[in-house]
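Note that these values count all heavy atoms, side chains included, but never hydrogens, waters or copies made by symmetry.
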Amino acid sequence: MLNLPDSFIEKYQKLLGKEKAAALFESMNQETKKAYRINSLKAHQKVSYSNAQAVPFIPNAYYGEVKGEDPEWVSGTVYSQDPAAMFPAYLAQIEPGQKVLDLCAAPGGKTTALGEALQNAGLLVANEISSVRVKALRENLERWGISNALITNDDSFALAKVFPEFFDVILVDAPCSGEGMFRKNPDAVSYWSPDYVLTCQKKQQEILTEAVKTLRPGGKLVYSTCTFSPEEDEEIVAWLVKTFQMTIEPTQVESEKISHGQARFVDDNLPELDRTLRFWPQDDLGEGQFVAVLRMPGESSPIDSKKEKKKKKKKRSAILNKDERDWVEKVLSNFNLPDFLTDWPSKALVSHDHVFIPAYKQSTKGLKVINNGVELGLLKKKRFEPGHQLAEVLAQVDQTQVVELQSNEEYRKYLHGETLRVKSELRGFVLVAYHDFIFSFGKITGNGVLKNFYPKGLRTMKG
């Protein structure tokens with residue numbers, strides 16, 4: 001049983017009435033709802049979801065549990081995510097080719113959905129201020145096979161300087177008091193207080209003040225939290241409308257499991273707040289969540305060519321020389337490439353022996369960049385070694401240069417980093433799969449030994 005603070009109980013009894021508040025408190029002691037999304041970028045890798053209940057509105061999303069060592073997860077074919085938390089990225093209604101910012105991105109559930117919707121076209125800037133959490137963000141984006149992401153480790157102040165009026169869509173899943181996660185993370189109860197709620201509100205305003213500077217006129221802001229607090233939800237939206245003349249967009253999502261925001265939670269009369277969405281755990285969809293979609297004033301227009309010329313070009317990494325291209329081609333020619341990689345020779349650059357195709361080519365001075373685009377692999381002595389991110393990208397299309405592991409024991413040993421002996425006519429670099437889910441590169445020697453290329457940082461403790 002959760003030991004809810006008296007001030008929390010009193011607050012929601014006053015806001016909701018004793019009957020509805022009692023339903024909320026009771027739901028916090030019930031089991032959490034688990035769900036997962038299937039990656040449409042890897043649609044040919046079939047996931048069995050027979051008899052699974054679909055999550056309302058969200059494409060390719062189902063209730064159920066996926067574990068971290070399941071091949072579906074390791075291969076980036078599914079992502080385990082709270083069903084209510086799927087809605088912010090869905091409501092962003094991303095179109096291929098857009099420029100999108102996920103400002104508070106880790107661990108990457110919403111980010112992978114945004115990148116998937118872009119379909120390898122446009123730009124996704126995935127930012128996380130925590131140097132620890134940004135590592136998980138990078139791993140999840142690589143696993144998902146996202147090819148057009150610039151991953152940064154900064155705050156909204158730094159991003160505003162580099163990307164003024166740049167993005168078509170921004171998603172801000174703001175740090176909050178976490179009331180909607182109490183039953184999933186009981187530790188969140190221990191640091192909750194009315195003062196903490198107001199501290200979070202102030203922080204959200206600071207973040208958003210800078211974030212909106214990166215949004216184009218007519219651009220879209222999706223604001224979300226995992227808290228019930230009106231101070232962090234409706235009051236923040238009302239503040240955005242008043243401060244930046246933003247308008248609240250209708251979401252076209254109607255369900256008995258999804259409530260609407262309440263204008264009565266704020267001092268100013270703003271009936272459009274009923275366009276925002278509230279997810280309560282007692283409604284049996286998922287955990288607590290709040291989502292609002294807002295539009296900046298003005299009309300979107302192509303980037304002004306004069307402004308674009310004024311931007312500093314990034315100090316270019318070197319273009320591959322003929323020998324280096326030949327080494328890369330010798331490996332890549334064995335695999336089927338997605339359409340966006342077929343012209344790799346004209347796009348690939350090399351920096352410190354790392355061969356990559358950048359997602360963003362302009363200057364990123366002032367930002368801490370964790371990854372930019374797709375790393376194809378590493379140049380070594382007169383040869384090329386393909387990288388893990390490339391394996392996950394190649395999994396978007398059918399492949400023939402694949403070795404299928406034959407047992408759970410082999411699979412676990414490979415995740416542990418062990419070398420295996422396999423029965424295969426293939427030689428050289430191959431993609432490694434289990435249950436037809438591609439998850440790594442390997443290299444088969446002349447005597448049938450499969451050398452392990454699964455990254456050390458991802459390996460499990462034991463086979």
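- The pair Arg412-Glu418 does not count as a salt bridge, with every side-chain nitrogen at least 4.0 angstrom from each carboxylate oxygen.
- Here the straight-line distance linking atom NZ of Lys213 with atom CZ of Phe163 works out to 15.5 Å at 0.5 Å rounding.
- Using a 3.5 Å distance cut-off with no hydrogens or angles, the side chains of Asn120 and Ser147 do pair a donor with an acceptor.
- Side-chain contact check for Thr225 and Thr227: no donor-acceptor pair (N or O, by modelled atom type) lies under 3.5 Å.
- For the pair Glu139 and Lys135, the salt-bridge criterion is not met [side-chain N within less than 4.0 Å of a carboxylate O].
- Remark: Asp154 does not engage Lys368 in a salt bridge, criterion side-chain N to carboxylate O under 4.0 Å.
- Relative to the ring axis of Phe384, Lys330 does not place its NZ or CZ within 45° and under 6.0 Å from the centre.
- Scored by the salt bridge (charged side-chain N to carboxylate O under 4.0 Å, His left out) test, Glu385 finds Lys380, Arg383 as partners (sequence neighbours excluded).
- Salt-bridge check for Glu392 with Arg143: failed, with every basic side-chain N at 4.0 Å or more from each acidic carboxylate O.
- Cation-pi geometry between Lys443 and Phe429 is satisfied (NZ or CZ under 6.0 Å from the ring centre, within 45° of the ring normal).
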Item to complete: Begin with the C-alpha distance, continue with both residues' side-chain angles, and end with the deciding distance and a verdict on salt bridge (Lys or Arg N to Asp or Glu O under 4.0 Å) for Asp168 and Lys99.
Response: CA-CA 5 Å; Asp168 301 298; Lys99 297 179 177 69; 5.4 Å; no

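- Of the inter-residue distances, the one linking Glu404 atom CD with Ile438 atom CD1 reads 9.0 Å to the nearest 0.5 angstrom.
- Heavy atoms of other residues, nucleotides or ligands lying less than 6.0 angstrom from CG of Asp339 number 12 at most.
- Between Asp284 and Lys33, at least one side-chain nitrogen of the basic residue sits less than 4.0 Å from a carboxylate oxygen of the acidic one, meeting the salt-bridge criterion.
- In this structure, Phe87 has its ring center under 6.0 Å from that of Phe279.
- Exactly one of Leu171, Leu118, Val222 qualifies for a side-chain contact (heavy atoms from CB on, under 4.5 Å) with Val100. That residue is Leu118.
- A salt bridge is defined here as a Lys NZ or Arg NE, NH1 or NH2 lying under 4.0 Å from an Asp or Glu carboxylate O, and Lys184 with Asp82 fails to meet this definition.
- Contact check on Arg37 versus Glu116 returns a salt bridge, with a Lys/Arg side-chain nitrogen under 4.0 Å from an Asp/Glu carboxylate oxygen.
- Phe157 pairs by the side chain to side chain contact (heavy atoms under 4.5 Å, CB included) definition with Asp155, Glu210, not counting sequence neighbours.
- Each ring pair (Phe, Tyr, Trp, His ring centres under 6.0 Å) pair with one or both residues in residues 129-152, not counting sequence neighbours, would appear here, but there are none.
- Of all heavy-atom pairs spanning Arg183 and Glu287, the tightest one is NE-OE1, 2.9 Å.
- Counting heavy-atom neighbours within 6.0 Å of Lys257 NZ, excluding the residue itself, gives a total above 12.
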